Amino acid sequence: MALSTQPYKGARDFYPEDKRLQKYMFNTIRRTVEKFGYEEYDAPVLEPVELYLAKTGEEIVNEQTYAFEDRGGRKVALRPEMTPTVSRLVAAKRQELAYPLRLFNIGGRWRYERPQRGRYREFYQADVDIFGIEGVAAEHEIIQVADHMLRAFGATREMYTIRLNSRKLMDYVLHDFLGCNEVQAQSIAKLIDRIHKIEHAEFLVQADALFSPSQRDAGAVGKLLHVLNAKKPELLPDEVRSQVSFKEILNVMQLLQASGVTNLRFDPTIVRGFDYYTGIVFEVFDTDTENNRSMFGGGRYDGLVGLFGVEPVPTVGFAMGDVTLANFLESHELIPELQPEVDVYAIFVGNVWDQAQKVVELMRSEGLNVACDLTDRKLDKQIKTADKKGIHYVVIIGQKEIDDGRFVLKHLGTGAEERHSAARIASIVKDYRAKHLPHSISPTDDDLDIEEV
RNA sequence: GCGGGCGUAGCUCAGUCGGUUAGAGCGUCUGAUUGUGGUCCAGAAGGUCGUGGGUUCAAUUCCCAUCGCUCGCCCCA
């Protein structure tokens with residue numbers, strides 16, 4: 001039985017052409033968050049399984065975690081998300097870190113679930129978190145970062161909306177305004193999460209079933225709908241509007257509007273799945289009707305660091321997944337033509353390798369990425385290889401060229417050939433690269449058209 | 001965890017109402033006289049029809065199981 005060449009179920013191989021897109025996405029993300037002063041960290045993929053028991057949410061730990069025992073009998077898990085890990089890192093150096101602390105990580109996450117469209121068992125995620133700010137300035141910044149990130153990919157604000165709510169506010173609504181107990185509150189929160197997936201009548205039936213007779217008599221369903229139908233915070237019931245968490249929402253919205261974020265909406269149906277959120281939560285939606293769904297989101301989680309037995313540290317963060325991002329970019333035609341990193345394919349005619357090395361080295365020291373064809377095949381085969389790899393330039397080096405000190409530079413797009421010294425070739429190709437391949441690593445700043453405030 | 005669809009060449013797929021040498025396009029390789037690719041032309045290689053079992057004179061085709069892929073549900077970082 002031959003070995004399978006397939007990657008593990010739900011995990012992907014990245015051939016260079018796939019990796020190019022991933023690099024483009026990660027580099028763009030990295031560049032954006034670094035502009036805001038976020039610093040990259042990393043941590044092991046394996047964590048003790050208890051790390052996820054506390055706050056992540058039962059389903060994820062019990063059914064969606066890759067958990068196993070190591071040879072020493074320790075229960076470990078492949079990290080399904082980064083938030084508990086980064087909280088651990090912060091808790092470990094709680095006293096010595098300088099706040100506000102801005103951290104980001106880009107890496108693989110593992111979830112044991114059935115793969116389907118847009119969802120894998122191994123996916124990549126960028127986590128961006130700010131630690132140590134209690135006020136809404138942190139929410140303001142984090143959402144601004146998310147907004148800049150999408151705009152750095154060339155997205156316009158018509159392509160996505162940012163929907164905002166507050167976990168704290170919803171806790172008040174469920175417990176105090178509607179008088180739910182803990183169990184009811186959780187069930188209703190789950191139901192709210194599904195409101196856009198089910199029929200309105202069905203929602204009413206299920207909501208009604210969750211309330212007690214006395215709550216029903218007090219008009220619980222109507223009150224719940226009053227809250228959920230509020231398209232603007234001002235439309236919430238008076239009692240709800242008296243809450244501090246309501247004022248926070250208003251503040252964040254005002255700050256973001258002042259920052260030019262015009263596609264922000266209040267949406268009381270945003271609750272998010274994780275148990276650890278404690279304040280403002282938000283989700284970013286694709287406005288494309290084909291793909292009208294939540295792409296990513298985040299919020300405030302002030303309690304996680306404190307779980308490690310240190311003083312709590314207020315935190316706001318979000319995470320963006322590679323698959324949903326790629327889908328978004330694709331559906332809005334925002335993926336640029338990505339090129340290989342190789343600038344020049346060096347082709348050798350005859351037995352000139354010894355003498356040609358100096359030429360190649362010179363081009364490299366001038367800053368070019370040069371791949372050499374080492375096969376000694378016929379010239380046409382070597383050119384064909386370069387073409388197949390998508391490399392734009394070929395340099396032909398034969399005895400004639402070596403004697404002359406000038407080499408044939410051929411552009412495969414146009415077929416044009418010219419003869420130059422190695423140094424001149426380097427400068428021509430670098431010039432070309434700067435002009436024609438701005439996306440080979442990441443977009444230039446010119447692509448980011450941030451409007452003036 | 002539940003339900004649907006599909007497994008035929010490297011890729012995308014056709015086909016066999018069960019019956020001698022299983023097809024196409026793309027891709028790959030070779031060639032058109034030796035230092036020029038992408039187009040065109042000529043030719044070639046490549047499949048025990050996912051795997052195991054059953055029915056049958058005969059199975060890639062029918063039946064069962066199994067594995068894999070895929071889409072949806074649940075759930076969602």
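What you see is a predicted model, and the numbers here were worked out from it, not measured in a lab. The sequence lines fix the lettering, A, B, ..., with proteins before strands; numbering per chain opens at 1.
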* Nucleotide opposite B:rU66 in a Watson-Crick or G-U pair, distances under 3.5 Å -> B:rG50
* **B:rU66 to B:rG72 separation - P atoms, rounded to the nearest Å** => 25 Å
* **Distance, P atom - from B:rC41 to B:rC63, rounded to whole angstrom** => 43 Å
* For nucleotides B:rA42 and B:rU61, find the distance between their P atoms and express it as a whole number of Å. => 37 Å
* Asked: Looking at A:Val252, A:Asp267, A:Val281, which one forms a side-chain contact (heavy atoms from CB on, under 4.5 Å) with A:Leu164?
  -> A:Val252
* Of the candidate nucleotides B:rG31, B:rC75, B:rG72, which contains the atom at the shortest distance from the side chain of A:Lys197? -> B:rC75
* Asked: B:rC75 C1' sits how many Å from A:Leu191 CG, rounded?
  -> 15 Å
* **Student check: side-chain heavy atoms of A:Ile270 and A:Phe282 closer than 4.5 Å** => no
* Would you state whether a donor and an acceptor, one from the side chain of A:Arg119 and one from the base of B:rG72, lie under 3.5 Å apart? => no
* Which nucleotide in the set B:rU70, B:rG35, B:rC75 lies at the smallest distance from any side-chain heavy atom of A:Arg194? -> B:rC75
* Rounding to the closest angstrom, what is the interatomic distance between B:rG23 and B:rU60 at atom C1'? -> 13 Å
* Residue closer to the 5' end of RNA chain B, A:Ile383 versus A:Tyr120 (nearest nucleotide) -> A:Ile383
* Integer-rounded Å distance: B:rG37 C1' and A:Leu379 CG -> 9 Å
* **Proximal nucleotide (of B:rG35, B:rU28, B:rG37) relative to the A:Lys388 side chain** => B:rU28
* With the side chain of A:Asp387 defined as its heavy atoms from C-beta on, choose the nearest nucleotide among B:rC69, B:rG37, B:rC75. => B:rG37
* Nearest to the side chain of A:Lys410 - B:rC75, B:rG37, B:rC69? -> B:rG37
* Asked: Can you tell which of B:rC69, B:rG35, B:rU36 lies closest to the side chain of A:Val349?
  -> B:rG35
* Asked: If you measure from the P atom in B:rG38 to the same atom in B:rG27, how many Å do you get, rounded?
  -> 11 Å
* Nearest to the side chain of A:Lys400 - B:rG35, B:rC76, B:rU36? -> B:rG35
* Between A:Asp373 (CG) and B:rU36 (C1'), how many Å, whole number? -> 13 Å
* How far, in whole Å, is B:rC49 from B:rU16 if one measures between their C1' atoms? -> 10 Å
* **Phosphate contact (B:rU30 OP1 or OP2) by A:Lys381 side-chain N/O below 4.0 Å** => yes
* Asked: Under 3.5 Å, side chain of A:Asn369 to main-chain N/O of A:Val342, donor-acceptor pair present?
  -> no
* Gap between atoms CD and P, on A:Glu113 and B:rC71 respectively (whole Å) -> 13 Å
* Between B:rG35, B:rC74, B:rU70, spot the one nearest the side chain of A:Gln116, thanks. => B:rC74
* Tell me yes or no: between the side chains of A:Glu417 and A:His411, is some donor less than 3.5 Å from an acceptor? => no
* Rounded to whole angstrom, note down the C1' distance from B:rU51 over to B:rC11. => 22 Å
